Amino acid sequence: MRRVGLVLLLGLATAVSLAFLLLPIVALFVHTTPGRLISQLSSDVVKDAFVVSLKTSLIAQLLIVGFGTPTAFVIATRRFPGRSLAVTLVELPLVLPPAVAGIGLLAAFGRMGLLGSELSALGISLPFTQSAVVVAVTFVASPLYVRAAIAAFEGVDPDLVAASRTLGVSPTRTFFRVVLPLARAGLAAGLALSFARGLGEFGATIMFAGSLQAVTQTLPLAIYSQFDLDFDTAVAMGAVLVLVSIVLLVSLRLLLSWQSSSSTRSSSRFGLSTSG
Amino acid sequence: MRVCAAVVLVVIALTASAANASSSAQITVYAAASLTNVFPQIDGTQRYSFGGSNTLAAQIQQGAPADVFASANMTLPQQLFEKNLCSKPVVFTRNRLVIVVPKSNPAKLSSIYDLRRKGVKLVIAGPGVPVGSYTLRVLKNMNLAASVLPNVVSRETDVREVLAKVALGEADAGFVYSTDARVDAARLRVLKVPAWAQPKVQYGICVVAGSTHKSDAQAFVKKVLGKAGQARLRAAGFLSRVKKKG
């Protein structure tokens with residue numbers, strides 16, 4: 001009898017949590033008819049925001065992969081003083097409130113910021129430009145990639161690397177022929193998460209880059225600015241972001257199963273949280 | 001099992017107490033961002049939510065628990081009134097627009113006409129924000145829209161965001177109310193908008209229809225319209241609610 005009660009309670013709690021998570025998502029899609037939803041998406045505000053979001057996200061992810069991969073490799077494979085500090089540092093933006101990130105970026109790269117005079121001497125003024133959006137997205141999204149990349153590199157069997165080296169293969173070639181192929185699933189999974197987080201960036205962007213249609217107004221900023229002007233358009237953009245997120249999450253699951261079938265190591269070490 | 005039941009009870013108790021917290025006489029006032037400093041001076045005991053009037057109106061429309069709505073224009077409360085979402089709005093104060101530039105004046109601006117100069121970083125409020133539409137009105141009145149609007153680098157969500165971006169020195173100039181410019185006077189320099197180009201900036205106040213504290217809300221409105229409230233507003237640089245004749 002007690003067992004039945006426990007099972008019922010567990011089932012109820014699970015049902016409540018799932019319904020709670022599902023309801024806002026469903027509400028976005030049933031708010032209007034699919035036909036109207038699509039017609040809302042053809043407005044200039046939405047198109048511009050989509051282009052800005054896509055462009056800034058792609059550039060940001062290129063930067064994240066370009067700088068994040070070597071950083072993660074060094075942290076994963078080298079033991080150096082201050083290593084745990086470095087690990088904490090690359091993870092910090094993950095738990096930092098985006099508004100704090102925005103203030104920090106302004107204080108560092110703003111015209112009156114720490115590097116403001118140096119940047120302006122070079123003729124660079126970041127705030128209110130598309131580059132500022134890229135900087136904000138890179139700052140908040142990079143930890144998700146770097147974290148996953150560190151775990152992926154740590155997961156590469158050192159014996160295989162050693163074998164490659166004893167066969168006379170150069171470290172660079174070993175990295176590209178042995179380490180990278182073994183870590184690729186983990187890196188791709190990290191990239192998917194980082195992309196999703198970057199696409200949703202709001203707080204740091206609005207503070208550091210401002211909001212101007214076709215220049216700095218990303219999809220989340222456009223949703224906020226349309227919220228009081230045209231709720232239906234805001235909902236339509238929300239639905240688009242939900243679809244993109246679902247696609248990213250599904251590809252993430254596929255990547256992780258690809259990784260667990262292609263390597264003998266467990267995939268549970270990937271942090272899946274996208275807080276912020 | 002018993003532990004589970006206890007947990008459920010605690011959760012219910014916490015939810016209930018959270019819901020009960022609003023039953024005190026304190027009311028919730030949704031007010032335009034430009035009123036951030038002056039409203040708590042008029043009545044420091046209420047709960048305030050300051051923001052772009054348009055955002056606040058949208059929230060009220062979505063059922064936000066506001067008792068009073070004080071907007072930086074008459075259009076938004078009038079629209080709520082027409083949808084039976086608040087009482088008939090009355091004008092409680094007026095304001096005028098100015099241009100603020102950082103004290104260091106990086107773009108070396110000396111009049112509104114300098115905003116036409118190429119490369120000036122101008123920040124204004126978004127299209128739905130009252131101060132944003134007043135700004136467009138001014139530029140239209142002065143026939144400057146086509147030459148100045150290309151210099152806009154950001155459209156902010158409320159007037160205080162515009163003010164902050166200029167006070168931080170990130171933007172070269174921004175359009176705000178004269179009362180906002182006074183709040184951060186140490187970091188700002190003010191350029192005038194000619195009187196003939198000024199839009200009609202009237203602030204409207206109403207009691208939200210969904211309010212559960214109607215009489216307290218009405219008392220608050222009375223306080224704002226009353227002698228002391230009006231004196232506070234004028235002391236903060238707002239204009240008297242009716243335009244003096246002549």
Side-chain angles (χ1 to χ4, degrees), chain A residues 1-13 16 27 31 45 99 102-103 105-107 109-113 116-117 119-120 123 125-130 132-133 202-203 205-217 221-231 233-235, chain B residues 1-8 11 30 51-62 64 71 75-76 79-80 102-104 106-107 119-130 132-133 149-158 161-162 164-172 174 187:
Chain A
M1 195 56 215
R2 281 176 66 109
R3 289 243 345 231
V4 174
L6 184 66
V7 167
L8 278 178
L9 204 65
L10 284 175
L12 188 71
V16 168
H31 182 78
V45 177
I103 289 278
L105 290 173
L106 271 178
F109 303 113
R111 200 149 65 165
M112 303 294 154
S117 49
L119 286 173
S120 73
S125 175
L126 275 180
F128 309 121
T129 63
Q130 222 162 47
V133 181
F202 177 83
T205 310
I206 203 164
M207 294 183 95
F208 185 51
S211 172
L212 188 66
Q213 192 184 330
V215 181
T216 54
Q217 192 174 69
L221 299 191
I223 290 176
Y224 189 68
S225 86
Q226 290 295 306
F227 161 66
D228 52 279
L229 292 175
D230 184 351
F231 192 69
T233 304
V235 167
Chain B
M1 185 66 207
R2 220 173 267 162
V3 174
C4 287
V7 167
V8 168
V11 169
Y30 275 35
S53 303
N54 53 323
T55 308
L56 300 174
Q59 286 169 348
I60 290 171
Q61 212 154 320
Q62 301 288 331
S71 168
T75 327
L76 288 164
Q79 278 168 1
L80 290 183
K103 196 112 229 182
S104 59
V120 171
K121 289 186 176 158
L122 177 66
V123 172
I124 66 177
V129 188
S133 41
L149 288 180
N151 282 336
V152 171
V153 292
S154 183
R155 309 206 67 171
E156 302 290 326
T157 52
D158 66 51
E161 296 294 319
V162 177
K165 294 262 155 83
V166 177
L168 277 174
E170 299 301 344
D172 294 327
R187 293 196 287 170

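Throughout, a chain's letter reflects where its sequence line sits, starting with A, and its residues are numbered from 1. Note that this is a predicted model, so its numbers are computed, not measured.
Neither the backbone nor the side chain of B:Val129 comes within less than 4.5 Å of any heavy atom in chain A. For chain A, no part of B:Ala164 is nearby; none of its heavy atoms comes within less than 4.5 Å. Both the backbone and the side chain of B:Thr55 come within contact range of chain A, each with at least one heavy atom under 4.5 Å from a heavy atom of that chain. Looking at A:Leu221, neither its backbone nor its side chain comes within 4.5 Å of chain B, counting heavy atoms on both sides. With a 4.5 Å cut-off on non-hydrogen atoms, B:Gln62 touches chain A through its side chain but not through its backbone.
Considering every non-hydrogen atom in both B:Lys121 and A:Ser125, the closest pair reads NZ-OG, 2.7 Å. Here the closest non-hydrogen pair linking A:Gly210 and B:Glu156 is CA-OE2, 3.9 Å.
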- Decide side chain to side chain contact (heavy atoms under 4.5 Å, CB included) for A:Phe208 and B:Glu170; before the verdict, give the C-alpha distance in whole Å, the side-chain angles of both, and the deciding distance to 0.1 Å. CA-CA 9 Å; A:Phe208 185 51; B:Glu170 299 301 344; over 6 Å; no
- Are B:Asp172 and A:Arg111 close enough, and set up right, to give a side chain to side chain contact (heavy atoms under 4.5 Å, CB included), and what steps lead you there? CA-CA 10 Å; B:Asp172 294 327; A:Arg111 200 149 65 165; 2.6 Å; yes
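The line from NZ of B:Lys165 to CE of A:Met207 is 7.0 Å long, rounded to the nearest 0.5 Å.
The greatest number of non-hydrogen atom pairs below 4.5 Å with chain B, out of A:Leu106, A:Thr216, A:Thr129, is found for A:Leu106. Your options are B:Pro102, B:Ala171, B:Pro127, and the one with the most heavy-atom pairs under 4.5 Å with chain A is B:Ala171. By number of non-hydrogen pairs under 4.5 angstrom with chain B, the leading residue of A:Leu229, A:Leu212, A:Leu126, A:Val215 is A:Leu212.
Checking side-chain atoms of A:Ser211 against main-chain N and O of B:Ser154 turns up no donor-acceptor pair under 3.5 Å.
For A:Tyr224, the OH atom is loosely surrounded, since the number of other residues' heavy atoms within 6.0 Å does not exceed 12.
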